[in-house]
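Note: hydrogens, waters and symmetry copies are ignored here, and every other heavy atom, side chains too, is used. None of these values were measured; they are calculated from a predicted model.
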Amino acid sequence: MSSATKSTDPCLDRESYRIATLDDEIRADQLCHELLRRCYLYLVEAHELPAEETSRLCYGASYFLCEYLIPEVRISPFDLSGQDVRRFGGHWYIIRNMEPNLAELTGILEGVLAFAAFCRERDLMTAEQIAAIEGACAELDFYRDRIDSFWAIEKEGYDAWQAVCPLKD
């Protein structure tokens, strides 16, 4: 199925994730949970990953999709970009967690990569998207610096910190 093709399965149809109202957001969130269930089964069956590892990866993907992408960015998971991942890891995750840390963020990003691979396998994302997502997930030094510089903010320094990786254009 090409990215331009409309699926008869709402879970795989990017239009099902268009969000304009609260009802749309609730529907998209429910669809994400079903999509993640399918991703879990794919990882266990196709890649023969142990259930514990698969759960860890799907938890990371779930956090990213259901806490950030759907309610904050309000786009289809199939429209995910490297920039969305970078904004998540370099800003949103840091300001939304009591103790942001690279170990936890790395786990989430590994889940995002597993989810993107699942989508690519089904032609729901392009090779270019996957490359951009992989690149953004690999920027661990950038995320470490962002977390460290966040903890080092003094006085009026938040605006300068935010300007390095703003949430919106």
Side-chain angles (χ1 to χ4, degrees), residues 1-94 96-140 143:
M1 176 173 65
S2 77
S3 59
T5 305
K6 183 172 174 74
S7 173
T8 57
D9 181 348
C11 194
L12 302 177
D13 180 14
R14 70 182 2 93
E15 293 302 316
S16 295
Y17 296 91
R18 299 291 178 221
I19 301 170
T21 67
L22 179 59
D23 286 341
D24 293 340
E25 184 177 329
I26 292 168
R27 180 193 66 247
D29 183 72
Q30 291 170 339
L31 290 170
C32 270
H33 287 286
E34 171 59 20
L35 193 60
L36 288 163
R37 185 187 68 75
R38 294 179 190 187
C39 181
Y40 177 90
L41 293 173
Y42 162 78
L43 293 171
V44 167
E45 293 168 2
H47 290 276
E48 299 179 354
L49 289 179
E52 185 176 301
E53 174 68 5
T54 304
S55 292
R56 184 186 70 78
L57 292 170
C58 288
Y59 171 79
S62 176
Y63 182 81
F64 177 82
L65 295 171
C66 299
E67 299 299 324
Y68 173 69
L69 196 70
I70 295 297
E72 299 288 331
V73 184
R74 304 186 105 191
I75 64 169
S76 167
F78 313 129
D79 293 332
L80 177 61
S81 71
Q83 183 68 13
D84 296 320
V85 173
R86 195 167 202 271
R87 287 176 175 161
F88 168 82
H91 191 133
W92 189 91
Y93 166 81
I94 297 167
R96 295 294 177 103
N97 286 277
M98 293 287 288
E99 294 190 32
N101 65 82
L102 190 61
E104 180 180 52
L105 178 58
T106 299
I108 295 167
L109 296 174
E110 288 170 351
V112 170
L113 286 173
F115 174 76
F118 163 79
C119 289
R120 181 67 187 128
E121 182 90 10
R122 282 150 185 75
D123 290 328
L124 297 167
M125 288 184 182
T126 66
E128 294 78 21
Q129 266 181 292
I130 299 299
I133 292 165
E134 287 173 344
C137 287
E139 293 186 63
L140 298 180
Y143 301 129

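Using a 4.5 Å heavy-atom threshold, the side chains of Glu34 and Arg37 count as touching. Residues Asp13 and Thr8 have side chains not in contact (no heavy-atom distance under 4.5 Å, counting atoms from C-beta outward). Proximity of Thr106 to Tyr143: side-chain heavy atoms (C-beta onward) are nowhere separated by under 4.5 Å. For the pair Phe78/Gln129, no side-chain contact is recorded, criterion being any heavy-atom separation below 4.5 Å from C-beta on. You'll find the side chain of Cys32 reaches within 4.5 Å of the side chain of Tyr17, heavy atoms only. The shortest distance between side-chain heavy atoms of Glu72 and Arg96 falls below 4.5 Å. Taking the side chain as every heavy atom from C-beta outward, Pro100 and Leu105 never approach each other to under 4.5 Å. Side-chain contact between Leu12 and Arg38 is present, with heavy atoms from C-beta onward closer than 4.5 Å.
Nearest heavy-atom pair, Gly111 versus Ala61, reported as atom, atom and distance to 0.1 Å: O-CB, 3.5 Å. Residues Leu124 and Arg14 approach most closely at O-NH2, 3.6 Å, considering heavy atoms. Asp84 and Asp79 make their closest contact through OD2-O, 4.0 Å (heavy atoms, listed as atom of the first residue, atom of the second, distance). The two residues Pro71 and Leu65 have their closest heavy-atom pair at CD-O, 3.9 Å. Listed here is the closest heavy atom pair of Gly107 and Arg56: CA-NH1, 3.7 Å. Considering every non-hydrogen atom in both Arg18 and Arg27, the closest pair reads O-NH2, 3.1 Å.
From Leu69, atom CG reaches atom CZ of Phe115 across 8.5 Å, with rounding to the nearest 0.5 Å. Atom OG of Ser76 and atom CD1 of Ile19 lie 9.0 Å apart (nearest 0.5 Å). Interatomic distance, Asn101 CG to Ile94 CD1, rounded to the nearest 0.5 Å: 10.5 Å. Within the model, atoms CG of Leu36 and OH of Tyr59 stand 12.5 Å from one another, a figure rounded to the nearest 0.5 Å. Taken to the nearest 0.5 Å, the CD1 atom of Ile133 stands 11.5 Å off from the CD atom of Glu128. One distance of note links CD of Gln30 with SG of Cys11; it measures 11.0 Å at 0.5 Å rounding.
Taking a cutoff of 4.0 Å between a charged side-chain nitrogen and a carboxylate oxygen, Arg122 and Asp9 do not qualify as a salt bridge.
Formation of a donor-acceptor pair under 3.5 Å by the Ser62 side chain with backbone atoms of Cys58 is not found in this model.
Ring geometry for His47 against Tyr42 counts as perpendicular: the plane angle is over 60°, on a 0 to 90° scale with 30° as the lower cut. Between Phe88 and Tyr93, the ring planes are tilted. Angles from 30° to 60° get that label.
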